[in-house]
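All chains are named by letter (A, B, ...) in the order of the sequence lines, taking the proteins before the strands, and each is independently numbered beginning at 1.
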Protein chains: 2
Amino acid sequence: MLRSAALRLSSTFRNPELLGALQFTTAMPPKNAKKKEVKKETGLGLTYKKDENFGEWYSEVVVSGEMIEYYDISGCYILRPWTMAIWETLQVFFDAEIKKMNIKNCYFPLFVTRNVLEKEKDHIEGFAPEVAWVTKSGESDMEVPIAIRPTSETVMYPYYSKWIRGHRDLPLKLNQWCNVVRWEFSNPTPFIRSREFLWQEGHTAFATKEEADQEVLEVLELYRRIYEEFLAIPVVKGKKSELEKFAGGLYTTSVEAFVPHTGRGIQGATSHCLGQNFAKMFQINFENEKGEKAMVWQNSWAYSTRTIGVMVMVHGDDKGLVLPPKVASVQAIVIPVPYKDANTEAIFEACRSTVRTLNEAGFRAEDDLRDNYSPGWKYSHWEMKGVPLRIEIGPKDLANNQVRVVRRDNGSKKDIPMENLVEQVKEILSDIQESLFNAAKQKREACIEIIQTWEEFVAALNKKKLILAPWCDEEEVEKDVKARTKGELGAAKTLCTPFDQPRLPEGTPCFASGKPAKKWTYWGRSY
Amino acid sequence: MLRSAALRLSSTFRNPELLGALQFTTAMPPKNAKKKEVKKETGLGLTYKKDENFGEWYSEVVVSGEMIEYYDISGCYILRPWTMAIWETLQVFFDAEIKKMNIKNCYFPLFVTRNVLEKEKDHIEGFAPEVAWVTKSGESDMEVPIAIRPTSETVMYPYYSKWIRGHRDLPLKLNQWCNVVRWEFSNPTPFIRSREFLWQEGHTAFATKEEADQEVLEVLELYRRIYEEFLAIPVVKGKKSELEKFAGGLYTTSVEAFVPHTGRGIQGATSHCLGQNFAKMFQINFENEKGEKAMVWQNSWAYSTRTIGVMVMVHGDDKGLVLPPKVASVQAIVIPVPYKDANTEAIFEACRSTVRTLNEAGFRAEDDLRDNYSPGWKYSHWEMKGVPLRIEIGPKDLANNQVRVVRRDNGSKKDIPMENLVEQVKEILSDIQESLFNAAKQKREACIEIIQTWEEFVAALNKKKLILAPWCDEEEVEKDVKARTKGELGAAKTLCTPFDQPRLPEGTPCFASGKPAKKWTYWGRSY
């Protein structure tokens, strides 16, 4: 039984041409195909352990958990239904929230001309090396090459200039759900760093800086909720340094997550105040209430499918994915555990009726009544896919009018009388959601190291810590730290200056320059 | 007042560079910019009439109704919030329906390699001239050019081959919501023919032809509902001819709409049975229940933002858009009509409270309390945007505790006592939805001409009719008809063979070849 299951999950192609194509990609480790063969003997388990080989573990989990399929173009990935259901849950939440803020959805083209793309110099400098260019259609060369949007500031703002005339046209608040392309060459990773990804990008224009400032934080709070309330991942809200802020913007705020296993920070989502820089370049002016010509204040903000990768990295374990109940497309999987002499049909019927009861109560439950897999295989399969709760029904449960529930997050088991099913499942799912967040928070806290000196900084960096350090907030000093920490694992940089600042005694020196520190800032390596 | 309004709506750019860019596009008639200037004198009305210059009327309506903004790349358009709200309504309906059918959403990459794209020869022949190719990233040439998906059969099916092993893996039913690119050169038209558009594409695989056949029709019925129930547009369900079917498929079904003003048919959406053709090319095999190797049967099906263009063409009039209530993001606009001596604040408050009442009852209502526009300007503005129902509140209405409602579709007016507001608005909106469909159906029926001979065919074609003709169903004959009717307006072709067939007396000759006719088929010019 286990052997055939492993064959079914094997990721080698039957199509030799495709296998060839895959081997040329840098994204999928070629040895992966070979390693998978081992599973014929070992069954469903993962080949890699999270502690031992995080990179391989991650690739294996997203593939075996059926979230991702590697594609024959490096850096592009197939998002499978198990992923899309999570993305849609986040989308439904966020879309409803921004609609409450009177932000409206639109759709701007995928393409942008070179002229317009290059209008804001700092901005394009940040993106130019990664822009993909279309130069041919059919067999003909195009008159001029056309860029694929890496982000849509320059795509949209010429039209903001057209649509905005007077103060009554403000605020203008638009959002779009779309794909963007950044042809990066460094280390593609599913969800985290891919050449095409899905996101939303909000682009708003206001009459005053105050309104813009306020919205930046309102949206940042929605991003915090996506991470903390839905994905059960603690994040730090803060401001990016001058070096790390959005190219062409005034200031950038972000939610920053942390992956304890690799000791790397990861930018979760960003909410930028663009100031009046783009307004100047694209002539986005308006007549204010006094009849004077004024320039708008702009924001842009985005979160992407990267969110899902952070979730996998933080919660996943050596059995596979661990999905928080709020985003899991299957919250409870019901599995029959028949014995030789047992009344199989009665057990199956109990499974179906359990699913019905849970669905009617608003839970996302499914049964797995397949007759060609053993209960044990099914346990492993749904654990791999990260389903928060397993419900087993065997002859004894049937006789006692109960079910056995097993938690994915901590493996704990409990028998629940049928009459309390809905109530208890509700309680357990909510406890799982909370526990996942608390466990992740505890792990992150354990990684934070508050340091004062360069020596402490280097030591903490080597221990893969999330470093909180007093900093002079000078761009040259950040560049210098980057240069001094360059190495195989990548340089250290600022992650963010948290809004929530510990007390900074006057005269505290900057850990790197010795000048007076201005703020506590998080430093570390990052994705 | 009217002058300033016209200035505000004027579509000339303040940015001279952009205006220059626009003038190079073929999509936006350059004279448009000039013609708009006239509006400074004439106020809000349209420059063109639907009967007199349909093409210019259409361009003007989609721009003035704030659905579309022309973009500085020809054939690409900006979908504004007024459009996206309609698209989202259709999406919510369709997505829920296919989820009931257990079809799951996924997302495949935008890019495809030449190798894979060209695997199915008939298929790629149909798309090759329109494929956009990415050849550069940043300043570097790519090793091999990469295509942007014109549709995703070849993107997806290599992975179907990987995922499908045994009969238990079937059916495999996936859908994605995405953008596709077809770099066409003929006559770009907003919504109807654009180089990038939004759509859903479903791709399913079954063990048997019977299951595939059944799904083709189930999905086609959803497309019929989108047109008839939501967009209030009558469509004909039928089968495409061999010449017009999907490149590489087995057979194509479609819903066909008709635009009476231009006498052109328009393919509304298509549901294809691909047979086993792609399965063969991509080696999508499975072990059936008897343990034998078998090949899957596949379908693909799609509808796009074109739906919205058909709606504009069919329902719009010389005052602008006419939106069916089911898809209108604002179903009722409430406008205060104060007089000099009236209690303006009381009227405003009555407007607000009317909106509240309607919103609470589940209608999408808004007020327009702007103080810098006259009621007359507001009437024209919201008529231009196609809002189904206008609700006016003036001093007399206030005194009589009533509102005046004006229908967009037929201009009829009615006073409604406040206490009957919700009930009557419900009734009127539902009547508008029905009336729009009936009126469109009546107009279409009036255009259908049943013919028997070549002479009748040519005469009917010249009168821009939707022609129902007895046909021998031979590909060579369709090619011949195309050749014989070639001309400035485009050749005639088959639209579909309707499922609902009138009686065909034995021995009826084909109108074009004189051979025995096999079926009644719709012919005409088309978009």
Side-chain angles (χ1 to χ4, degrees), chain A residues 7-8 11 13-15 17-18 21 69 71-73 76-81 83-85 88 104-113 115-116 128-139 145-146 148 158-159 161-162 165-166 168 174 178-179 181 183 195-196 198 282-283 285 370 372, chain B residues 7-8 11 13-15 17-18 21 69 71-73 76-81 83-85 88 104-113 115-116 128-139 145-146 148 158-159 161-163 165-166 168 174 178-179 181 183 196 198 282-283 285 370 372:
Chain A
L7 272 171
R8 193 170 157 276
S11 74
F13 277 76
R14 275 174 301 171
N15 185 329
E17 263 181 75
L18 279 167
E69 188 72 66
Y71 191 63
D72 72 337
I73 296 175
C76 294
Y77 306 95
I78 297 162
L79 307 183
R80 301 185 69 178
T83 292
M84 284 310 284
E88 284 174 19
K104 292 185 194 291
N105 285 331
C106 61
Y107 186 77
F108 278 72
L110 175 70
F111 299 117
V112 54
T113 58
N115 244 356
V116 176
E130 300 170 2
V131 171
W133 292 94
V134 178
T135 63
K136 286 180 67 177
S137 68
E139 292 301 314
I146 291 173
I148 301 180
Y159 300 89
S161 158
K162 181 178 174 186
R165 297 289 152 129
R168 287 192 181 82
L174 298 179
C178 64
N179 54 345
V181 172
W183 209 263
R195 287 176 167 175
E196 181 196 3
L198 302 183
F282 291 98
Q283 301 178 40
N285 305 315
R370 289 178 289 180
N372 59 326
Chain B
L7 272 171
R8 192 169 160 274
S11 74
F13 276 77
R14 274 175 301 172
N15 186 328
E17 263 181 75
L18 279 168
E69 190 71 69
Y71 190 64
D72 73 336
I73 296 175
C76 294
Y77 306 96
I78 298 162
L79 307 184
R80 302 184 69 178
T83 291
M84 284 310 282
E88 284 174 18
K104 292 185 193 291
N105 284 333
C106 61
Y107 186 76
F108 278 73
L110 176 69
F111 299 116
V112 53
T113 59
N115 244 357
V116 176
E130 301 170 2
V131 171
W133 292 93
V134 178
T135 63
K136 285 180 67 176
S137 68
E139 293 300 315
I146 290 173
I148 301 181
Y159 300 90
S161 158
K162 181 178 175 189
W163 294 332
R165 296 290 151 129
R168 286 191 182 80
L174 299 179
C178 65
N179 55 346
V181 172
W183 208 264
E196 181 196 4
L198 303 182
F282 289 98
Q283 302 178 40
N285 305 315
R370 288 178 290 180
N372 57 327

Would you name the heavy atoms of [X] and [Y] that are closest together and state the gap between them?
X      : Y      : value
A/T135 : B/K136 : CG2-CD, 4.5 Å
A/E196 : B/L110 : OE1-N, 2.7 Å
B/P81  : A/L174 : CG-CD2, 3.5 Å

Is chain A contacted by the side chain of B/T83, its backbone, both, or neither, given a heavy-atom distance below 4.5 Å?
-> neither
Out of curiosity, B/L198 CG to A/Y107 OH, how far, rounded to the nearest 0.5 Å?
-> 5.5 Å
Options B/V131, B/V112, B/N105, ranked by heavy-atom pairs under 4.5 Å with chain A, top entry = B/N105
Largest heavy-atom contact set with chain A, pairs under 4.5 Å, which of B/V134, B/I148, B/I78 = B/I78
Within a strict 4.5 Å, meaning less than it, do heavy atoms of the A/R195 and B/F111 side chains meet?
-> no
Test item: B/Y159 and A/D72 side chains (from C-beta on) under 4.5 Å apart, heavy atoms = yes
Check whether [X] gets within reach of chain B through its side chain, its backbone, both or neither, counting any heavy atom under 4.5 Å.
X      : answer
A/P109 : both
A/V181 : side chain
A/A132 : both

